[in-house]
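A short worksheet on the structure shown next.
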Amino acid sequence: VQLQACGGGLVLAGGSLRLSCVVSGRPSSRYAMGWFRQAPGKEREFVAASTWRLDSRYYADSVKGRCTISRDNRNNTVYLQMFSLRPEDTALYYCASDLRRTLTSGWSASYWGQGTLVTVSS
């Protein structure tokens, strides 16, 4: 399973970006997908997740209302549209597949992409 993310870049505060991630090596798209991020000097954190039918979407409080996760199952692609970006959104963004959440450990994933860098300048 391979995940290839793209769409990161440098943007001014208040701007928007759309990240994309294509999954290959899977015979089916019936798995939860999502995004995590890791800011410099910080641990990786959950950003957003979507079930394969898009019937449930989850967002971290820090991005709620400023991000929308969507997916194109026919093309095995997941997107993260980000609005009203802030300098604190600067991070390496990772797409992930086969997400799951537990009460004790929070969100985790089985497969990870290589990350795409988002830099928000003030």
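Electrostatic pairing of D61 and K64 counts as a salt bridge here, judged by a charged N lying under 4.0 Å from a carboxylate O.
For the pair R71 and Y79, the cation does not sit on the ring face, since its NZ or CZ is not both under 6.0 Å from the ring centre and inside 45° of the axis. Note that R37 lies outside the cation-pi zone of Y94, set by a 6.0 Å cut-off to the ring centre and a 45° limit from the axis. Because its NZ or CZ atom is not both nearer than 6.0 Å to the ring centre of F83 and within 45° of the ring axis, R66 does not count as a cation-pi partner of that residue. Annotation: cation-pi geometry not satisfied between R100 and F46 (NZ/CZ under 6.0 angstrom from ring centroid, within 45° of ring axis).
T77 places a side-chain N or O within donor-acceptor distance of the main-chain N or O of N75, the cut-off being under 3.5 Å. A donor-acceptor distance shorter than 3.5 angstrom exists from the side chain of T90 to the backbone of P87, with no hydrogens or angles considered. Checking side-chain atoms of Q81 against main-chain N and O of L17 turns up a donor-acceptor pair under 3.5 Å. Not a single donor-acceptor pair under 3.5 Å links the side chain of Y111 to the backbone N or O of C95. A donor-acceptor distance shorter than 3.5 angstrom exists from the side chain of Q114 to the backbone of A5, with no hydrogens or angles considered. Under a 3.5 Å cut-off, the side chain of T119 and the backbone N or O of L10 do not form any donor-acceptor pair. A donor-acceptor pair under 3.5 Å links the side-chain atoms of N73 to the main chain of W52, judged by distance alone.
Here the straight-line distance linking atom CZ of R44 with atom OG of S108 works out to 10.0 Å at 0.5 Å rounding.
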Residues S16, V11; criterion side chain to side chain contact (heavy atoms under 4.5 Å, CB included); working and verdict: CA-CA 7 Å; S16 302; V11 63; over 6 Å; no
List the steps and the verdict of side chain to side chain contact (heavy atoms under 4.5 Å, CB included) for V118 and L19. CA-CA 9 Å; V118 173; L19 308 182; 4.0 Å; yes
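In terms of hydrophobic clustering, with Ile, Leu, Val, Met, Phe, Trp and Tyr side chains grouped at heavy-atom distances under 4.5 Å, V22 and F36 are assigned to different clusters.
The SG atoms of C6 and C21 sit 2.5 Å or more apart.
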